Every structure is written in C-alpha cells, then in structure tokens.
Visitor: 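Just dropping this structure here.
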Amino acid sequence: MLRLGDLKIYVCRMKKLNFYSGPAILPEEVLQKAQEAIHDFMGTGLSVLEISHRSKEFVKVMEEARELVKELLQLDHNREVIFMHGGALSQFHVVPMNLLNEKETASYFDTGTWAHGAQEEAKLFGTVHIACSSKDKNYTYIPRQYTIAPNSKYLHITSNNTIYGTQLSTQYISDLKSLTNPLVCDMSSDIFSRQLNFNQFDLIYAGAQKNMGPAGTTLVVVNKEIFGSVSRSIPRMLDYRQHIAKESMLNTPSVFSVYVSYLTLQWIKKCGLDTLEEQNNRKAATLYGAIDSSQIFKGTVERDSRSKMNVCFVVNPDLAETQRAKLEDGFIQFCKNQNIIGIQGHRSVGGFRASIYNAMPESGVDKLIAVMREFERKA
Ligand SMILES: *Cc1c(COP(=O)(O)O)cnc(C)c1O
C-alpha cells in the first residue's frame with residue numbers, strides 16, 4: 001500500500017502574497033520542510049506532531065535552535081536562550097514578576113499599543129515610570145527625548161511598533177546603551193531583521209509568529225546576571241531561571257512551533273543576517289518611495305521613525321471624504337483581486353499596513369507597488 005509520506009509531492013499553496021502582520025509569511029522552503037516533517041520527522045517514521053519532546057531527535061532540534069539564536073545574534077556567554085509559552089503578551093507580566101519588587105520603579109517607553117500593554121501589566125508588580133510617550137500624535141513617531149526614573153530597575157522598550165509602523169533605529173538603540181539600567185526589549189516584530197549589538201540588551205523577548213516562525217512559542221534571550229533580586233515567590237512556569245535550568249523543557253514545549261522556528265533560523269543563517277538586513281532596507285525604501293510619490297496614498301509615520309517591517313499608509317487625507325472612503329474600500333478589493341492579502345491597517349490606525357518581514361521577497365514588494373500604481377491610474 002502506498003503511504004502518503006512516501007510520495008514526495010508538495011501541494012503548493014494557492015500562491016497569495018501575504019502582507020499580514022502576524023501570524024505572517026514564512027519562507028516557501030520552510031513550509032516544504034515542515035510539510036515533510038508532518039509525515040516523517042527526521043526519518044523517525046513519526047510525525048513531528050506526534051513525536052515525544054524527549055525524543056533524541058527533538059531534544060537535538062531544541063538544542064540546535066537555541067545555538068542558532070546565539071550564533072545569529074552573536075550572544076556572549078552570559079546570555080541564555082529559551083523558548084517559552086504564552087506569546088509576547090505573557091512576557092508583559094513575566095518580566096516585572098522576575099525583575100521588579102513592589103516598592104521599585106521601572107521605566108517604560110510608551111510608543112504604541114503593545115508598549116502600553118506592557119506598562120499596564122508591570123503596574124501589577126511595582127511602579128511604572130513613563131520615560132516618554134508618543135500618544136499625543138497617535139503613536140506616529142518615536143520621541144527623541146526621554147527621562148529614566150532615578151534608581152529605575154530596568155528600562156523597557158519596544159523596538160518595532162507593529163501596529164503603528166514605527167521603529168527605533170539602530171543608532172537610537174545604541175545610544176540607550178549608555179544608560180545604566182538593564183535594557184529590556186519587546187523585539188517581537190523585528191528580531192532577525194537587522195544586525196544589532198544584541199549584547200546591549202539584558203532581556204529580549206519575541207513571539208515567534210512575526211519574523212521567526214509560526215505562532216506557539218516565544219523566544220527569550222536573557223542575561224543570567226540580572227536575576228535574584230526580587231523577593232516574591234515566582235511560580236515555576238513563570239520563572240526564567242527554571243526555564244534556563246531545564247533548557248526550555250520545563251514542560252512540553254510547543255514542539256511544532258519550535259521545529260518550524262528552527263527551520264526558519266536555518267534559513268536565516270543561510271541567507272545571512274547582513275544580506276537580509278540589506279534586503280529589508282531596500283524593500284522599505286522602495287515601498288516608502290512609492291507611497292511618497294503617490295497622489296492618492298500617504299504615509300502615516302514621521303520619516304525618521306518609519307518601520308522597515310510594517311509600512312503604514314492611508315488614502316491622502318487631503319482628498320474629499322466621499323472619495324476617500326471609495327478609494328479605501330476599492331484598494332483593498334483591488335489588491336484581493338490581484339492575490340494580495342493582509343494589507344488592511346490595524347483598526348486603531350485605519351488605512352493600510354504592509355508587513356514586509358524577512359520572508360517577503362523583493363519581488364513581492366515590487367508587485368504591491370505595481371498594483372498601487374495601476375490602482376492610481378484607474379482611480
Ligand atoms: C504581536 C505583538 C505582540 C503580541 O504578541 P503575542 O505573541 O500575540 O502575545 C506584542 N508585542 C509586539 C511588538 C507585537 O508585534
């Protein structure tokens with residue numbers, strides 16, 4: 001009898017260009033390898049969906065995934081890599097639970113919905129000082145000025161604000177380094193998109209589903225030396241030191257998500273972080289260039305704060321209201337007809353957002369631009 005797994009036929013998906021913000025596009029070769037592993041995981045004759053997380057094959061995947069992160073981010077020996085559950089949102093409370101005593105203060109950048117959510121959770125554990133906020137202009141810029149509270153236990157930043165399309169530049173982040181605080185960063189939507197000195201952070205977290213893999217696992221990079229100063233008892237599953245000690249196997253990890261993230265990390269290594277960064281720079285530059293030269297579209301973010309991952313734009317607000325509404329609906333539909341999906345802006349911003357993570361090829365961005373131009377010609 002013929003077993004499905006014996007047939008190396010790849011059922012190619014109906015090709016759509018996926019500009020969703022997350023879960024987001026993954027490299028085609030990663031999808032193909034994941035598909036193979038669903039039928040036969042590394043020659044075990046078992047599916048990756050049914051394999052034991054204690055099997056030597058998966059333990060090796062977990063080890064190698066953590067090693068790959070260390071290698072790609074060029075981490076020093078103080079940094080540990082762990083995979084946790086609960087998404088970036090859980091880190092909003094796990095971070096203060098592990099680092100902030102009740103009578104202590106932590107400083108937070110208020111640069112968007114997620115950054116704001118992180119502060120709200122931290123307030124459950126200690127005092128939050130808002131170092132800066134761009135809420136006054138609906139989070140369309142990164143503030144140049146900020147104040148860190150004296151004796152601040154740590155500083156929390158969000159390197160890329162996925163919903164509003166703003167990003168802290170590499171220079172901006174390295175200037176923060178001169179501060180004495182431990183630096184904590186929600187890097188969910190731009191990790192592995194550019195080269196940085198990752199050792200300047202004491203804690204980095206990222207939900208996998210933007211630029212690293214499918215939803216289900218959360219990457220955490222920590223400086224082991226920042227723990228041990230909180231007096232509260234921490235439940236085991238929420239204690240970073242426990243996850244470090246058990247090498248991300250404190251309980252059953254998200255096996256499939258970790259495996260597909262591992263495949264993506266291998267792909268990132270093959271491409272090279274430097275090459276991906278150059279490509280991301282080019283993609284963002286061409287797309288913003290097209291928006292800036294358009295008569296009907298307009299970017300929503302101040303130029304020096306623009307994200308290279310999430311490009312937000314609207315129908316030019318100078319146009320008449322009735323015309324705008326028509327163009328907005330029309331463009332989404334026009335894109336759909338061209339197999340372009342996921343460009344609707346977040347409901348708090350409106351308009352459009354094109355998420356152009358690592359796996360989005362330059363040709364995909366070129367296609368979007370061609371469709372924008374064609375729409376404009378016909379409008
Ligand atoms: C998507 C996102 C989150 C939320 O992530 P979950 O994994 O769904 O909890 C938090 N922060 C940023 C910057 C994000 O882009």
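Since we're looking at a predicted model, the values are computed, not measured. As a basis for the values below, the full set of heavy atoms in this structure was taken, side chains included, without hydrogen atoms, waters or symmetry mates. Whatever order the structure lists ligands and atoms in, that order sets their numbers, starting from 1.
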Visitor: Look only at interatomic distance and state if Thr158 has a nitrogen or oxygen under 3.5 Å from any nitrogen or oxygen of ligand 1.
Guide: no
Visitor: If only side-chain N and O atoms count, and only distance matters, is there a donor-acceptor pair under 3.5 Å linking Ser305 with Thr166?
Guide: no
Visitor: Of the backbone atoms (N, CA, C, O) and the side-chain heavy atoms from C-beta on, which set of Asn160 has a member under 4.0 Å from an atom of ligand 1: side chain, backbone, both, or neither?
Guide: backbone
Visitor: With distance as the sole criterion, is a donor-acceptor pair present between the side chains of Asp329 and Gln333 under 3.5 Å?
Guide: no
Visitor: Quick one: sort the Phe352 and Phe313 rings into parallel, tilted or perpendicular, breaks at 30° and 60°.
Guide: tilted
Visitor: If you count the atoms of ligand 1 from 1 in the order shown, which ones are under 4.0 Å from a heavy atom of Ser188?
Guide: 11 (N), 12 (C), 13 (C), 14 (C), 15 (O)
Visitor: In terms of atom number and element, which parts of ligand 1 are under 4.0 angstrom from non-hydrogen atoms of Lys210?
Guide: 1 (C), 2 (C), 3 (C), 14 (C), 15 (O)
Visitor: Regarding atom 10 (C) of ligand 1: of the candidates Ser159, Ala88, Gly87, Ala215, which has the closest heavy atom?
Guide: Ala88
Visitor: Is Ser90 in polar range of ligand 1, meaning some N or O pair under 3.5 Å apart?
Guide: no
Visitor: Considering only non-hydrogen protein atoms, determine which one is nearest to atom 11 (N) of ligand 1 and report residue, atom name and distance to 0.1 Å.
Guide: Asp186 OD2, 2.6 Å
Visitor: Taking the side chain as every heavy atom from C-beta outward, state whether Leu155 and Pro182 have any pair of such atoms under 4.5 Å apart.
Guide: no
Visitor: Both conditions, 6.0 Å and 45 degrees, for the charged tip of Lys137 above the ring of Tyr141: are they met here?
Guide: yes
Visitor: For Asp202, which of Lys224, Arg79, Lys153 qualifies under salt bridge (charged side-chain N to carboxylate O under 4.0 Å, His left out)?
Guide: Arg79
Visitor: So which heavy atom in the protein is nearest atom 7 (O) of ligand 1, and how far is it from that ligand atom?
Guide: Gln209 NE2, 2.9 Å
Visitor: Taking the inter-plane angle between the rings of His156 and Phe92 on a 0 to 90° scale, is it parallel (under 30°), tilted (30 to 60°) or perpendicular (over 60°)?
Guide: perpendicular
Visitor: Pick one of side chain, backbone, both or neither for how Leu89 approaches ligand 1, counting any non-hydrogen atom pair under 4.0 Å.
Guide: both
Visitor: Number the atoms of ligand 1 from 1 as they appear, then name those within less than 4.0 Å of a heavy atom of Thr162, with their elements.
Guide: 12 (C), 13 (C), 14 (C), 15 (O)
